[in-house]
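Let me begin by presenting the structure, written as structure tokens, before commenting on it.
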Amino acid sequence: MAGGVHSQPEIQIQVHSRKGGNSVYPVEPATTTTASSGGPAFYREIKHFKKWFPWLIPSFVIVNVVTFLVTMYVNNCPHNSVSCYAGFLGRFSFQPFSENPLLGPSSTTLEKMGALDVNKVVREHQGWRLITCMWLHGGVFHLLANMLSLLVIGIRLEREFGFVRIGVLYIIAGLGGSLFSALFIKSNISVGASGALFGLLGSMLSELIINWTIYANKIAVLVTLVVIIIINLAVGLLPHVDNFAHIGGFVSGFLLGFVFLIRPQFGWVSQRYASRAYSTLAKPKFKMYQMVLWVVSLILLIIGFTSGLVMLFRGVDLNDHCSWCHYMSCLPTSRWSCNTEPVSCMSEQTSNQLTLTCSNSNKTRTYSLSNPSTSKIQGLCTQLCR
């Protein structure tokens with residue numbers, strides 16, 4: 001024959017370890033040779049399954065750490081409190097353990113920096129607190145736990161799906177956690193990236209479900225993820241943990257995963273990158289179950305966020321409509337109480353002495369102080385009542 005025989009570009013399937021199991025995705029040849037040439041073929045990942053360099057998640061970690069340092073600088077414990085822990089740190093020293101066992105600032109400082117305070121969100125129209133609270137942390141322990149989790153979970157997802165989708169998912173899931181928390185917790189402030197983190201965890205589960213056909217060892221991966229999720233949500237049943245933010249973030253992330261992390265099917269990918277001369281009957285980009293999950297999740301997200309924001313700014317307290325829902329955030333036992341009522345004190349200033357009486361327990365203590373600041377009085381009140 002006068003002409004050579006042309007071979008159809010072949011889509012190779014590679015297996016990579018991920019999430020404790022194996023994920024498979026195709027690559028296309030960067031150069032092709034005929035079988036007779038005996039030359040090597042080099043392959044590169046196609047764009048639908050490319051690996052991304054993770055930079056956004058580490059940037060989020062840096063922002064959280066810098067924000068915590070700024071918060072501690074503003075807190076200035078030596079100036080605003082009678083006693084501090086780790087006083088050698090100067091204005092970066094921590095509030096007393098009796099006030100904040102997480103090694104961090106006072107609640108007054110956190111509120112000043114943008115903590116989620118429902119009264120300020122609703123009555124003073126400070127809706128931005130639904131976002132800013134995600135970047136604040138109650139202490140060193142709180143910060144370390146969240147940032148380590150963010151690095152472990154977030155970097156994997158960003159490497160697989162890129163900074164745009166994971167960044168948007170992180171922010172929206174965090175907003176969902178803040179919104180759900182604000183509908184139940186009315187008398188305390190809330191801070192932390194836990195809602196956004198649970199959103200990433202939820203998106204890992206939904207991503208596995210919507211891309212079910214391309215994974216190996218899928219049952220083992222599914223069981224592992226479910227166990228991790230159950231354990232983390234169970235920890236939220238302890239006192240002083242905002243499990244409503246965890247639940248809201250998880251549900252938001254779970255639905256967002258169906259929307260943002262959907263992958264095309266191998267048949268469509270193979271056909272797209274193969275020579276047109278060898279293309280056969282057109283194959284759909286996504287399977288029907290993928291499209292159904294995508295549409296349903298998008299509708300639920302729109303309805304959920306819209307109705308949640310409307311209820312929040314109308315001052316709705318979901319505890320009035322669900323008598324048992326408070327158990328989702330704290331389960332009382334013989335070892336601890338779930339009473340999280342805010343503390344308050346009666347103060348009396350005479351000469352150089354300040355007398356405080358805790359309204360919750362009627363404890364009274366006198367301090368040698370003249371003209372103490374409001375933040376210092378609030379800090380002393382917190383120590384007295386706890």
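Source: prediction; values computed, not measured.
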Original post:
Name the one of S190, S181, S178 that satisfies side chain to side chain contact (heavy atoms under 4.5 Å, CB included) with C133?
Top reply: S178
Original post:
How about L175 and F305: do any of their side-chain heavy atoms sit closer than 4.5 Å?
Top reply: yes
**OP:** Compare all side-chain heavy atoms of T364 with those of L356 and state whether any distance is below 4.5 angstrom.
**Re:** no
Subject >> Residue pair P105 / G138: nearest heavy atoms and the distance that separates them >> reply: CD-O, 3.5 Å
**OP:** Would you check if there is a donor-acceptor pair between the side chains of N146 and H137 at a distance under 3.5 Å?
**Re:** yes
Subject >> From CG (L116) to CZ (R129), nearest 0.5 Å >> reply: 8.5 Å
**OP:** Answer yes or no: is there a side-chain heavy-atom contact under 4.5 Å between L222 and K218?
**Re:** no
Subject >> Whether K287 side chain and N211 backbone form a donor-acceptor pair below 3.5 Å >> reply: no
**OP:** Decide yes or no for T306 and I302: does some side-chain heavy atom of the first lie under 4.5 Å from some side-chain heavy atom of the second?
**Re:** yes
Subject >> Non-hydrogen atoms of L256 and A173 that approach each other most closely >> reply: CD1-N, 3.9 Å
Subject >> Polar side-chain atom of S206 near backbone of S203 as donor-acceptor pair, under 3.5 Å >> reply: yes
Original post:
Got a second to check how far I166's CD1 is from L157's CG, nearest 0.5 Å?
Top reply: 4.5 Å
**OP:** Using the salt bridge (Lys or Arg N to Asp or Glu O under 4.0 Å) rule, collect all pairs that involve residues 103-119, keeping only residues at least two apart or in two chains.
**Re:** E111-K120
Original post:
What residue pairs, at least two apart or across chains, pass disulfide bond (SG atoms under 2.5 Å apart) with a residue in residues 137-181?
Top reply: none
**OP:** Would you mind listing every disulfide bond (SG atoms under 2.5 Å apart) that reaches into residues 139-182, with sequence neighbours excluded?
**Re:** none
Subject >> Expected output: side-chain S93 to main-chain G87 donor-acceptor under 3.5 Å >> reply: no
Original post:
Which heavy atom of G199 sits nearest a heavy atom of L169, and at what distance?
Top reply: O-CD2, 3.9 Å
Original post:
About how many Å separate CG of N64 and OG1 of T67, when rounded to the nearest 0.5 Å?
Top reply: 6.0 Å
Original post:
When you check the side-chain N and O atoms of N75 and T109, is any donor under 3.5 Å from an acceptor?
Top reply: yes
Subject >> Expected output: side-chain S329 to main-chain H326 donor-acceptor under 3.5 Å >> reply: no
Subject >> side-chain contact (heavy atoms from CB on, under 4.5 Å) between V118 and I185, intermediate numbers included >> reply: CA-CA 8 Å; V118 176; I185 299 178; 5.7 Å; no
Original post:
Out of curiosity, does F68 fall in the hydrophobic cluster containing L148 (side-chain heavy atoms, cut-off under 4.5 Å, transitive links)?
Top reply: no
Subject >> S106 and N100 side chains, donor-acceptor separation under 3.5 Å >> reply: no
Subject >> Where H246 and G236 come nearest, the two heavy atoms and their spacing >> reply: ND1-CA, 4.3 Å
Original post:
Taking all atoms of both residues into account, what is the closest heavy-atom pair of G104 and M72, and its distance?
Top reply: C-SD, 3.8 Å
Original post:
If you measure from CG on L255 to CD1 on I172, what distance do you get to the nearest 0.5 Å?
Top reply: 11.5 Å
**OP:** Ignoring hydrogens and angles, tell me if any N or O in the side chain of S307 forms a donor-acceptor pair with the backbone of G304 under 3.5 Å.
**Re:** yes
Subject >> Hphob cluster co-occupancy, V316 + V310, side-chain heavy atoms under 4.5 angstrom >> reply: no
Original post:
Would a distance-only check, ignoring hydrogens and angles, find a side-chain to backbone donor-acceptor pair under 3.5 Å from E158 to L56?
Top reply: yes
Original post:
Under the 4.5 Å side-chain heavy-atom rule for ILVMFWY, direct or indirect, which residues accompany I62?
Top reply: V66, V70, V74, L110, M113, L136, I189, V191
Original post:
What distance do D317 atom CG and L312 atom CG have between them, rounded to the nearest 0.5 Å?
Top reply: 11.0 Å
Original post:
So, do W128 and V121 sit near enough that their side-chain heavy atoms are less than 4.5 Å apart?
Top reply: no
**OP:** Supply the atom-to-atom distance W212 CH2 to L293 CG, rounded to the nearest 0.5 angstrom.
**Re:** 12.5 Å
Subject >> Shared hydrophobic cluster for V296 and M291 (ILVMFWY, side-chain gaps under 4.5 Å) >> reply: yes
Subject >> Which atom of M328 lies closest to which atom of N243, heavy atoms considered >> reply: O-ND2, 2.7 Å
Original post:
Are R263 and E160 close enough for a salt bridge, meaning some N to O gap below 4.0 Å?
Top reply: yes
**OP:** Answer yes if the ring centres of W52 and F161 are under 6.0 angstrom apart, and no otherwise.
**Re:** no
Original post:
Restricting to pairs with a member in residues 69-101, which pass disulfide bond (SG atoms under 2.5 Å apart), not counting sequence neighbours?
Top reply: C77-C84
Subject >> Short side-chain to backbone donor-acceptor contact, Q290 and I210, under 3.5 Å >> reply: yes
Subject >> Path from V168 to L130 over hydrophobic side-chain contacts below 4.5 Å >> reply: yes
Original post:
When you look at L183 and N319, which way does the side-chain contact (heavy atoms from CB on, under 4.5 Å) test go after all the steps?
Top reply: CA-CA 8 Å; L183 291 172; N319 290 295; over 6 Å; no
Subject >> Residue pairs, two or more places apart or on separate chains, that pass ring pair (Phe, Tyr, Trp, His ring centres under 6.0 Å) and touch residues 85-115 >> reply: Y73-F92, Y85-F97
Original post:
Is a donor on one side and an acceptor on the other found under 3.5 Å between the side chain of N217 and the backbone of A220?
Top reply: no
**OP:** Please report the C-alpha distance between L354 and S347 in whole Å, then the side-chain angles of each, then the deciding distance to 0.1 Å, and finally whether the side-chain contact (heavy atoms from CB on, under 4.5 Å) criterion is met.
**Re:** CA-CA 7 Å; L354 171 68; S347 63; 4.1 Å; yes
**OP:** Kindly assign one of parallel, tilted or perpendicular to the pair F258 and F254, based on the angle between their ring planes and the thresholds 30° and 60°.
**Re:** perpendicular
Original post:
Is there a side-chain contact between L150 and L200 (heavy atoms, below 4.5 Å)?
Top reply: yes
Subject >> Parallel, tilted or perpendicular, as decided by the 30° and 60° cut-offs, for the rings of W135 and F60 >> reply: perpendicular
Original post:
If Ile, Leu, Val, Met, Phe, Trp and Tyr residues are connected whenever their side-chain heavy atoms lie under 4.5 Å apart, and connections chain through other members, are V152 and M204 in the same group?
Top reply: no
**OP:** Tell me, yes or no, whether the heavy-atom count around R123 atom CZ, taken from other residues, nucleotides or ligands under 6.0 Å, exceeds 12.
**Re:** no
**OP:** Take V140 and L102, measure what side-chain contact (heavy atoms from CB on, under 4.5 Å) needs, and give me the verdict at the end.
**Re:** CA-CA 6 Å; V140 173; L102 297 177; over 6 Å; no
